[in-house]
Amino acid sequence: MSPALAQEKLYTVDDIYSLPDGQRAELVDGQIYYMAPPSRKHQEISGELFGIIREYIKSKNGSCRPYIAPFAVFLDENDMNYVEPDISVICDPDKLNDKGCSGAPDWIIEIVSPGSRRMDYFKKLFKYRTAGVREYWIVDPDRNRITVYDFESEDTQDYTFTSSVKTGIFEELIIDFSDLAGLLKL
């Protein structure tokens with residue numbers, strides 16, 4: 001007889017909520033991934049992008065709602081997936097509740113940190129696509145790259161911080177990353 005394989009412990013959202021105050025983590029397929037505090041550059045990029053998106057939605061009297069991390073996103077019906085995207089845009093108000101977003105946001109932006117690279121480019125890419133996110137941007141300042149996944153049209157485009165990038169979910173929103181890079185001195 002072969003020895004029994006060790007069972008990997010699976011965690012739930014309750015385990016995330018039981019973490020000590022100040023400890024941030026995400027839960028993907030029952031596995032906890034602890035998060036380091038974001039850098040100043042990360043926060044500046046996130047804040048600027050959030051502001052651009054929020055102002056665009058307001059100017060169009062749009063019904064979509066943008067949220068900046070920490071904001072809870074429960075991707076699935078189960079309690080084994082909990083993420084805090086840097087920016088989430090939700091266009092279906094029925095997905096919003098007091099805890100966050102229940103289901104896939106329409107648009108997610110992740111700003112890559114050295115410790116989040118593998119998670120953002122691989123694990124989250126797969127989870128977001130299968131959960132039904134319409135558009136996913138990976139903003140990677142260290143690599144001078146913005147990767148845009150339009151899951152609806154199954155298209156992927158790469159840009160740099162000298163590019164203007166058009167969103168897929170909004171007809172007229174174009175984000176000029178060269179303006180952002182100049183403002184942030186990237």
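Residue numbers start at 1 and run along the sequence shown. On a predicted model such as this, the values are computed, not experimentally measured, just so you know.
Looking only at side-chain heavy atoms (C-beta outward), S116 and E110 stay at 4.5 Å or farther from each other. Within the 4.5 Å cutoff, no side-chain heavy atoms of Y56 are placed close to those of I175. Looking at heavy atoms from C-beta onward, Y159 lies out of side-chain contact with F177 at the 4.5 angstrom threshold. No side-chain heavy atom of T147 sits under 4.5 Å from any side-chain heavy atom of D140. At a threshold of 4.5 Å between non-hydrogen side-chain atoms, the residues F50 and I109 do not count as touching. Side-chain contact between W107 and F170: present, with at least one pair of heavy atoms (C-beta onward) separated by less than 4.5 Å. Side-chain contact check for I87 versus W137: every heavy-atom pair is 4.5 Å or farther apart. Contact of the L27 side chain with the N81 side chain is not registered, since no non-hydrogen atoms from C-beta on lie closer than 4.5 Å.
Connection of V112 to V139 is not established within any shared hydrophobic cluster, with ILVMFWY side chains joined at heavy-atom distances below 4.5 Å, either directly or through further cluster members. By the criterion of side-chain heavy atoms lying less than 4.5 angstrom apart, applied directly or through intervening Ile, Leu, Val, Met, Phe, Trp or Tyr residues, Y67 is not grouped with L49; the two fall into different hydrophobic clusters. Under the 4.5 Å side-chain heavy-atom criterion for grouping Ile, Leu, Val, Met, Phe, Trp and Tyr, F122 is not connected to M80 through any hydrophobic cluster. A continuous path of ILVMFWY side-chain contacts below 4.5 Å connects L173 to V89, so both sit in one hydrophobic cluster. Note on I53 and I90: separate hydrophobic clusters, where clusters join Ile, Leu, Val, Met, Phe, Trp and Tyr whose side-chain heavy atoms are under 4.5 Å apart, directly or indirectly.
To the nearest 0.5 Å, atoms OG (S102) and CZ (F74) are separated by 7.5 Å. The line from CD of Q23 to CD1 of I16 is 9.0 Å long, rounded to the nearest 0.5 Å. Taken to the nearest 0.5 Å, the OG1 atom of T12 stands 10.0 Å off from the CG atom of N78. Atom CG of D150 sits about 10.0 Å away from atom OG1 of T167, to the nearest 0.5 Å. Distance check, rounded to the nearest 0.5 Å: CD1 of I32 to CG of L10 gives 10.5 Å. The CD1 atom of I169 sits 4.5 Å away from the SG atom of C91 when rounded to the nearest 0.5 Å.
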- Begin from the C-alpha positions of Y33 and M35 and carry the test side-chain contact (heavy atoms from CB on, under 4.5 Å) through to its verdict. CA-CA 6 Å; Y33 296 89; M35 300 164 62; 6.0 Å; no
- Task: Start with the C-alpha gap between K127 and D29, add the side-chain angles, then the distance that decides, and say whether salt bridge (Lys or Arg N to Asp or Glu O under 4.0 Å) holds.
- Result: CA-CA 9 Å; K127 288 308 293 184; D29 295 330; 2.8 Å; yes
- Task: Starting from the C-alpha separation in whole Å, work towards a yes-or-no answer on side-chain contact (heavy atoms from CB on, under 4.5 Å) for I68 and R54.
- Result: CA-CA 10 Å; I68 195 166; R54 183 189 61 221; over 6 Å; no
- Task: Give the intermediate values and the outcome of side-chain contact (heavy atoms from CB on, under 4.5 Å) for residues D142 and R117.
- Result: CA-CA 10 Å; D142 291 341; R117 185 170 307 284; 4.0 Å; yes
- Passes side-chain contact (heavy atoms from CB on, under 4.5 Å), Y34 versus L19? Steps please. CA-CA 10 Å; Y34 293 96; L19 291 173; 3.9 Å; yes
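A donor-acceptor distance shorter than 3.5 angstrom exists from the side chain of K95 to the backbone of A104, with no hydrogens or angles considered. Of the possible polar contacts, one joining the T160 side chain to the T162 backbone as a donor-acceptor pair under 3.5 Å is found. Side chain of S18 to backbone of D14: a donor-acceptor contact under 3.5 angstrom is found. The backbone N or O of F161 sits less than 3.5 Å from a side-chain atom of N144, completing a donor-acceptor pair.
Counting all heavy atoms, side chain and backbone alike, I45 lies closest to I111 at CG2-CG1, 3.9 Å. Smallest separation of non-hydrogen atoms from M119 and V28: CE-CG2, 3.8 Å. Taking both residues in full, the closest heavy atoms of P85 and I108 are given as CB-CG2, 3.6 Å, listed atom of the first, atom of the second, then distance. Minimum interatomic distance between E84 and A69 (heavy atoms only, all atoms of both residues): O-CB, 4.1 Å.
When the options L125, T156, T130 are evaluated for a side chain to side chain contact (heavy atoms under 4.5 Å, CB included) with F151, the one that passes is L125.
No side-chain donor-acceptor contact under 3.5 Å links K124 and Y136.
Enclosure of atom NZ in K99 is not indicated, since only 12 or fewer non-hydrogen atoms of other residues, nucleotides or ligands lie within 6.0 angstrom. Heavy atoms of other residues, nucleotides or ligands lying less than 6.0 angstrom from OH of Y17 number more than 12.
Sorted by first and then second residue, the pairs that involve residues 168-180 and meet side-chain hydrogen bond (donor to acceptor under 3.5 Å, both in side chains), not counting sequence neighbours, are K60-E172, D176-S178.
Shown here are the disulfide (SG to SG under 2.5 Å) partners of C101, two or more places apart in sequence or in another chain: there are none.
A cation-pi geometry, defined here as NZ or CZ lying under 6.0 Å from the six-membered ring centre and within 45° of its normal, does not hold between R65 and F71.
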